[in-house]
Asker: 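Sharing a structure here in structure tokens format.
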Amino acid sequence: MTHEAGIPLGLKFKLLSDTAQDSAAQVVSDVVVGDYRDLETLRAFARDCDVITFDHEHVPLAHLRALEADGVTVRPGPDALAHAQDKGVMRERLTALGVPCPRHRVVSGPADVTAFAAEGAGTDGGDGYPVVLKTVRGGYDGKGVWVVRTEAEAAEPFKAGVPVLAEEKVDFARELAANVVRSPHGQAVAYPVVESQQVDGVCDTVIAPAPGLSEELSGEAQELALRIAKELGVVGHLAVELFETRDGRILVNELAMRPHNSGHWTQDGAITSQFANHVRAVLDLPLGDPRPRARWTVMGNVLGGDYPDMYAAYLHCMARDPQLKIHMYGKDVKPGRKVGHVNTYGDDLDDVLERARHAAGYLRGTITE
């Protein structure tokens, strides 16, 4: 999708891919299959690149610093990317900046989790559980995240032998996301704040803009995301995932420094998509207008089901809704795997929601009429 955004600008992409079957490898003409964790592979790949950017946050920071020492332009740079790679580092820095976050601590074992829980216990005689535990690195789409209710349950996350972050379980009304893009010389744009609906820890639906969100809270979320991007030195797209609490506050949940699922609606619903603005930012081009094209846009994730032949479903979906936009990733269909998304838009939110959910469900096979 980032490659697609660069085509009108005549940009040439070179891709370092784990396999030749990866989504981007199916469309980029210059593909190097190799391991991003190997420094010499990265150095050889980067030799004739003007700028390096990412579609995930996992490239070792030491390798990125070595590339910068070699004179390679890396955006976002390793100093910024550290906060998307390591949740402990992210929480420590955001707290130092005065950014509202859930109560948290890096913990060393189950007893430490119980002590953390007890510090948040109320006056009702409770023990402070449940607590959310997260591996500080590598988790996504609900992986590497546990909600534990006892000290015995808290033992599981430590079996992997990696640091664990404990957080209070926030009583939130819904999840939001603030997407912003920042260029090297400091120009920045903010997209409308969206509501992100999760099913089993996986993003299912994104509504742009978030229904019923006050102008005050929406502006606060956008300003917060822009400040985080500036303070962390982010270049490119930054997604700030947020909790809206039941008492009307916002708390930062996660950061992603790349085009993000909560911004996929912008492909068809914004004047300039997140992908186009990410490309503009990393090349230090003027950023595009982030305003929405329609009153409402809804993105529905298409998850793999028991029906691998999604092409047959296109006939029904396209005939039923000629305005529907389908975006498939070229992935093998596996149950629960994100294999694409759909975008719908219009003036009636209920209608736009129904159209997106019907198309996503029909493509998955959970809706058959």
Side-chain angles (χ1 to χ4, degrees), residues 1-68 70-78 80-82 84-85 137-141 143-144 202-203 235-239 256-264 267 273-283 301-304 308 310-311 326-341:
M1 291 180 278
T2 301
H3 173 267
E4 180 183 21
I7 291 173
L9 302 179
L11 300 178
K12 294 182 179 179
F13 286 82
K14 182 179 180 181
L15 175 71
L16 179 63
S17 181
D18 289 334
T19 74
Q21 288 73 47
D22 286 353
S23 298
Q26 297 177 38
V27 296
V28 177
S29 60
D30 189 355
V31 178
V32 175
V33 175
D35 187 347
Y36 64 84
R37 295 164 295 189
D38 180 74
L39 177 56
E40 293 313 309
T41 297
L42 287 174
R43 277 184 161 140
F45 170 79
R47 231 165 252 139
D48 58 353
C49 293
D50 296 304
V51 59
I52 300 289
T53 192
F54 316 90
D55 71 352
H56 64 69
E57 295 96 344
H58 307 310
V59 181
L61 297 181
H63 292 1
L64 297 180
R65 292 193 171 98
L67 292 184
E68 287 190 327
D70 292 343
V72 178
T73 301
V74 178
R75 292 174 176 161
L81 204 62
Q85 281 194 0
R137 289 174 173 266
Y140 70 98
D141 284 350
K143 300 177 178 67
V202 178
C203 179
V235 172
H237 184 269
L238 171 69
M257 295 180 191
R258 51 176 169 78
H260 188 255
N261 204 181
S262 65
H264 285 0
Q267 280 180 292
S273 75
Q274 64 167 346
F275 303 101
N277 262 335
H278 182 75
V279 168
R280 291 186 186 204
V282 300
L283 294 176
N301 272 325
V302 178
L303 302 182
M310 290 190 174
Y311 186 81
I326 300 174
H327 301 272
M328 304 304 291
Y329 307 158
K331 294 180 177 179
D332 291 336
V333 177
K334 299 178 181 178
R337 184 186 197 186
K338 287 182 189 174
V339 294
H341 67 272

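Throughout, numbering of the chain's residues begins at 1 and tracks the sequence. Heavy-atom basis, side chains included; hydrogens, waters and symmetry copies ignored.
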Asker: Measure the OG-CG distance between Ser17 and Asp55 for me, rounded to the nearest 0.5 Å.
Answerer: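 Between atom OG of Ser17 and atom CG of Asp55 there are 8.5 Å.
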Asker: Decide yes or no for Val302 and Lys338: does some side-chain heavy atom of the first lie under 4.5 Å from some side-chain heavy atom of the second?
Answerer: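 They are not in contact (no side-chain heavy atoms under 4.5 Å apart), so the answer is no.
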Asker: Could you check if a side-chain atom of Val279 sits within less than 4.5 angstrom of a side-chain atom of Phe13, using non-hydrogen atoms only?
Answerer: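 The answer is yes, as the side chains (C-beta and beyond) meet within the 4.5 Å cut-off.
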Asker: Using 4.0 Å as the upper bound for N to carboxylate O, is an ion pair formed by Lys12 and Asp30?
Answerer: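 So Asp30 does not pair with Lys12 through a salt bridge.
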Asker: If we ignore hydrogens and angles and just use 3.5 Å, is the side chain of Arg337 paired with the main-chain N or O of Asp332 as donor and acceptor?
Answerer: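 Yes; judged by distance alone, with no hydrogens or angles, the pair exists.
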Asker: Please give me the minimum heavy-atom distance between Pro259 and Thr2, naming the atom from each residue.
Answerer: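 Shortest heavy-atom separation between Pro259 and Thr2 comes out as CG-OG1, 4.1 Å.
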Asker: Would you mind telling me which of His260, Arg258, His264, Gln267 makes a side-chain hydrogen bond (donor to acceptor under 3.5 Å, both in side chains) with Gln274?
Answerer: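 When side-chain hydrogen bond (donor to acceptor under 3.5 Å, both in side chains) is applied between Gln274 and each of His260, Arg258, His264, Gln267, only His264 qualifies.
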Asker: Could you measure the distance from the NE2 atom of His237 to the CG atom of Asn277? Nearest 0.5 Å is fine.
Answerer: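 His237 NE2 to Asn277 CG: 8.5 Å, rounded to 0.5 Å.
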Asker: Less than 3.5 Å apart, any donor N or O on the side chain of His278 or Thr53 sitting next to an acceptor on the other?
Answerer: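 Judged by distance alone, the side chains do pair up.
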Asker: Quick one: closest heavy-atom pair of Val27 and His3, and the distance?
Answerer: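 Closest approach of Val27 to His3: O-CE1, 3.7 Å.
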Asker: What are the two closest non-hydrogen atoms of Ser262 and Ala239, and how far apart are they?
Answerer: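 Closest heavy-atom pair between Ser262 and Ala239: OG-CB, 4.2 Å.
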Asker: For a salt bridge (Lys or Arg N to Asp or Glu O under 4.0 Å) check, start with the C-alpha distance between Glu68 and Arg65, then their side-chain angles and the critical distance, and finish with the verdict.
Answerer: CA-CA 5 Å; Glu68 287 190 327; Arg65 292 193 171 98; 5.9 Å; no
Asker: Could you check whether any side-chain N or O of Asp38 sits under 3.5 Å from a backbone N or O of Thr41, counting only pairs where one atom can act as donor and the other as acceptor?
Answerer: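 Flag set: sc Asp38 to bb Thr41 pair under 3.5 Å.
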Asker: Between Leu39 and Ala66, what is the shortest heavy-atom contact and its length?
Answerer: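 Scanning both residues, the minimum pair turns out to be CD1-CB, 3.9 Å.
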Asker: Check whether any side-chain N or O of Asp35 sits under 3.5 Å from a backbone N or O of Arg37 as a donor-acceptor pair, and report yes or no.
Answerer: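 Judged by distance alone, yes, a pair lies under 3.5 Å.
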Asker: OH/Tyr329 to CD/Gln26 distance, rounded to the nearest 0.5 angstrom?
Answerer: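 Answer for the OH-CD pair, Tyr329 versus Gln26, is 13.0 Å.
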Asker: Quick one: does Tyr36's side chain get under 4.5 Å of His63's, heavy atoms only?
Answerer: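 No, side chains not in contact.
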Asker: Between CD1 of Ile52 and CZ of Phe45, what distance do you get to the nearest 0.5 Å?
Answerer: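 Answer rounded to 0.5 Å: 5.0 Å.
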Asker: So, for Val202 and Leu303, which heavy atoms are closest and what is the spacing to 0.1 Å?
Answerer: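 Smallest heavy-atom distance, with atoms named: CG1-CD2, 4.3 Å.
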Asker: Would you name the heavy atoms of Val235 and Ala281 that are closest together and state the gap between them?
Answerer: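 Closest heavy-atom pair between Val235 and Ala281: CG1-O, 3.9 Å.
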Asker: Could you tell me if the side chain of Leu283 sits less than 4.5 Å from the side chain of Leu11, heavy atoms only?
Answerer: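 Heavy-atom side-chain distance check passes, below 4.5 Å.
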Asker: To the nearest 0.5 Å, what is the distance between CD on Gln85 and CD on Glu57?
Answerer: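 Gln85 atom CD to Glu57 atom CD measures 8.0 Å (nearest 0.5 Å).
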Asker: Determine whether a donor-acceptor pair (N or O, by modelled atom type, separation under 3.5 Å) exists between the side chain of Lys14 and the backbone of Val31.
Answerer: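 Flag not set: sc Lys14 to bb Val31 has no pair under 3.5 Å.
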Asker: When rounded to the nearest 0.5 angstrom, what is the spacing between CG in Leu64 and CG in Leu42?
Answerer: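 Rounded to the nearest 0.5 Å, the CG-CG separation comes to 7.0 Å.
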Asker: How about Asp18 and Val33: do any of their side-chain heavy atoms sit closer than 4.5 Å?
Answerer: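 A side-chain contact is absent here, since even the closest heavy-atom pair is not under 4.5 Å.
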